[in-house]
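So you know, we letter chains A, B, ... as the sequences are listed, proteins then strands, and number each from 1.
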Amino acid sequence: NAGVTQTPKFQVLKTGQSMTLQCAQDMNHNSMYWYRQDPGMGLRLIYYSASEGTTDKGEVPNGYNVSRLNKREFSLRLESAAPSQTSVYFCASQSWGGDSPLHFGNGTRLTVT
Amino acid sequence: RKEVEQDPGPFNVPEGATVAFNCTYSNSASQSFFWYRQDCRKEPKLLMSVYSSGNEDGRFTAQLNRASQYISLLIRDSKLSDSATYLCVVTSNSGNTPLVFGKGTRLSVIA
């Protein structure tokens with residue numbers, strides 16, 4: 001019963017490097033989300049995908065791109081990492097969007113030096 | 001006014017105490033409300049949904065007050081294991097985020 005799986009768990013990047021954070025869910029959920037969480041800031045939405053084939057910007061999309069590869073997978077890409085992107089990243093899924101609760105992955109702890 | 005506001009705490013309470021948190025929201029059209037629990041350096045986990053009539057799950061009771069636009073979480077007979085940050089979540093009035101999270105209230109239950 002995996003739920004939402006994120007990889008990697010930890011990553012250290014140098015400024016300017018690129019990487020992709022992977023997220024997969026096995027609950028047949030329609031909607032998927034990427035959040036970042038910084039101390040004292042709470043969870044902030046980066047991008048979301050209401051359904052397969054659609055993606056939308058959240059509150060803090062700059063510096064990120066996403067791909068909803070299929071219903072199960074939603075990846076987040078940092079094209080040129082910056083120290084300001086040092087954060088904990090959480091992927092989440094939601095069964096039918098709108099008003100149902102979110103289910104989170106374990107998170108990816110990213111440090112950009 | 002922020003969309004969702006919570007007292008950050010910390011609330012330091014002894015074991016066995018009853019503690020309550022409130023969360024105010026600005027979107028009068030919000031239809032869905034949740035309480036999440038987040039342990040240090042872990043992912044948020046759904047604690048309970050909040051229904052219009054109020055609902056209870058063991059030692060936890062959630063209430064919704066639409067007139068005053070707040071939700072509450074009551075924890076009875078606090079356990080050491082209840083120590084965590086409690087996040088309030090409501091439907092957003094912003095077009096670019098379906099749900100909005102409060103910054104959380106930190107609870108520390110002390111032996």
(message) With a 6.0 Å cut-off (strictly less than), is the heavy-atom count around NZ of K71(A), excluding the residue itself, greater than 12?
(response)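 For K71(A), atom NZ is crowded (more than 12 foreign heavy atoms under 6.0 Å).
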(message) Let me check something: do F33(B) and Y70(B) share a hydrophobic cluster, defined by ILVMFWY side-chain heavy atoms less than 4.5 Å apart, either directly or through other members?
(response) no
(request) Carefully, step by step, assess T54(A) and R68(A) under the rule side chain to side chain donor-acceptor pair (under 3.5 Å). (result) CA-CA 7 Å; T54(A) 68; R68(A) 184 72 184 269; 6.0 Å; no
(message) Do M19(A) and P8(A) make a side-chain contact, defined as non-hydrogen atoms from C-beta onward lying under 4.5 Å apart?
(response) yes
(message) For N106(A), which atoms come within 4.5 Å of any heavy atom of chain B: side chain, backbone, both, or neither?
(response)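 Answer is both: backbone and side chain atoms of N106(A) are under 4.5 Å from chain B.
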(message) Between R44(A) and chain B, with a heavy-atom cut-off of 4.5 Å, which part of the residue counts as in contact: side chain, backbone, both or neither?
(response) neither
(request) Would you mind telling me which of R41(B), Q31(B), K45(B), K42(B) has the largest number of heavy-atom pairs within less than 4.5 Å of chain A? (result) R41(B)
(request) Against chain B, work out which of G107(A), P101(A), P61(A), G42(A) has the most heavy-atom pairs shorter than 4.5 Å and name it. (result) P101(A)
